[in-house]
Amino acid sequence: MLKRYLLIQTLILATGVFMPAQSSTTLKDAYHGAFYIGVAINADQITGQDARGAKIVAEQFDSITPENALKWERVHPQPNTYDFSLSDQYVALGEKHHMFIVGHTLVWHSQTPDWVFQDTQGKPIRREALLTRLHDHIFTVVGRYKGRIQSWDVANEALNDDGTMRDSKWKQIIGDDYLIKAYQWTHEADPSAELNYNDYSLELPAKRQGAVELVKKLQAAGIKVAVVGVQGHDNLDWPSTASEDETIDVFAKLGVKVAITELDIDVLPAVESHTADISLHIKSDLRLNPYPKELPDAVQKDLARRYADLFGIFLKHRDVMSRVTLWGVTDADSWRNDWPVKGRTSYPLLWDRAGNPKLAYDAVIKASRQ
Ligand code: G3I
């Protein structure tokens with residue numbers, strides 16, 4: 001026993017980082033009183049088919065986001081067909097565990113079926129018709145979970161990286177005020193729900209400025225934006241902790257809370273940096289998948305340090321941070337295995353493919369004590 005203890009101490013001193021997970025606490029307990037610790041959950045975790053993942057979710061997190069279950073294509077696949085079979089289970093799961101339940105997402109350029117924007121002949125519909133569809137969708141979905149989903153990502157990724165408005169079908173057909181309508185209707189459908197704006201790469205100064213202007217525009221229209229969601233699809237070296245720090249400050253000055261809504265940190269070679277644009281597809285190449293079997297210790301430690309550094313920044317801003325949500329449970333669950341290059345072996349989360357907590361998990365727990 002003593003020998004093992006001495007060995008562990010020697011390793012800690014030699015590496016200067018944390019040992020594999022021996023923590024007796026949980027993420028949600030470690031950050032209790034600072035902010036919620038959330039996780040995006042997939043269909044198998046919602047239904048319990050992935051029992052190992054579901055157990056981690058229930059034990060470690062006090063907030064959940066549906067990775068896909070509430071997207072338009074899932075809940076409203078056909079004009080008069082809503083399918084709430086999975087999202088009902090999602091909300092029931094959150095209630096069972098007394099979690100802070102997030103809705104993701106109502107207006108997005110992606111994962112919205114073509115029929116939404118077309119008439120029966122496949123021709124683009126006009127502004128009033130699309131507004132009616134958006135109104136019905138929001139009232140049906142938000143209304144169904146009134147008082148049960150506490151926080152809605154009303155609009156997702158409405159901005160380009162240069163801060164201008166994305167030229168989505170929503171914008172093309174309705175005009176810029178589609179966002180104002182979406183927020184107003186969400187609020188009418190559930191006045192108690194938080195209204196969020198969610199986007200990636202908000203650490204890019206131009207995009208951040210675009211988000212500031214967007215929030216101000218919504219506020220000027222009388223909308224109470226509660227939270228700006230900084231997604232946090234990060235790399236080992238981007239964004240810098242300084243720019244994360246500044247980004248949180250900039251949004252907090254608008255009188256909103258900040259949430260990190262989709263945190264994951266890629267250790268693989270960045271092919272296209274500073275984006276989480278899911279339309280990006282890069283051809284596979286062995287050099288882009290350097291760790292197909294396991295992550296070398298040195299990189300594992302880099303990842304742990306990086307998580308600790310970021311959580312240090314989040315804690316510094318605890319007065320304005322509402323939540324930090326990881327975008328997936330284990331590395332096997334992550335979308336980053338298939339984006340932007342299909343079939344890579346990625347290591348962006350806090351649990352490994354065997355469901356064991358990684359060094360990064362301990363680093364996050366340890367960061368909570370500083
Ligand atoms: O479940 C089906 C399966 O039945 C089918 O056989 C298979 C064939 O393609 O697809 C499966 O669905 C995929 C789904 O992920 C579940 O794995 C979809 O094709 C795929 O498009 C979907 O990707 C999701 C992506 O958003 C698009 O909706 C990712 O899981 C999800 O992590 C990702 O999340 C987004 C956020 O919503 C917004 N911010 C960026 C973030 C990452 O792209």
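All ligand and atom numbering here is 1-based and tracks the order in the structure. Not measured: the values here are computed from a predicted model.
- If you check the side chains of Trp108 and Glu157, you find a donor sitting under 3.5 Å from an acceptor.
- Side-chain rings of Phe311 and Tyr31 approach one another, their centers coming within less than 6.0 Å.
- Other residues, nucleotides and ligands contribute over 12 non-hydrogen atoms within 6.0 Å of the CD atom of Gln111.
- Within a 6.0 Å radius of CZ in Arg52, other residues, nucleotides and ligands contribute more than 12 heavy atoms.
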Ligand 1 N/O to protein N/O, distances under 3.5 Å:
residue	atom	partner	partner atom	Å
ligand 1	12 (O)	Arg74	NH2	3.3
ligand 1	26 (O)	Lys71	NZ	2.9
ligand 1	28 (O)	Asn68	OD1	3.3
ligand 1	28 (O)	Lys71	NZ	2.9
ligand 1	28 (O)	Gln111	NE2	3.4
ligand 1	30 (O)	Glu67	OE2	3.2
ligand 1	30 (O)	Asn68	ND2	3.0
ligand 1	32 (O)	Glu67	OE2	2.5
ligand 1	32 (O)	Trp327	NE1	3.0
ligand 1	34 (O)	Lys71	NZ	3.4
ligand 1	34 (O)	Trp327	NE1	3.3
ligand 1	37 (O)	Lys71	NZ	2.7
ligand 1	37 (O)	His104	NE2	2.7
ligand 1	39 (N)	Glu157	OE2	2.8
ligand 1	39 (N)	Gln231	OE1	3.2
ligand 1	39 (N)	Gln231	NE2	3.4
ligand 1	39 (N)	Glu262	OE1	2.7
ligand 1	39 (N)	Glu262	OE2	3.3

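- Taken from CG in Leu70 to OG in Ser87, the straight-line distance is 5.0 Å, to the nearest 0.5 Å.
- Both tests pass for Arg353 against the ring of Tyr347: distance under 6.0 Å to the centre and angle within 45° of the axis.
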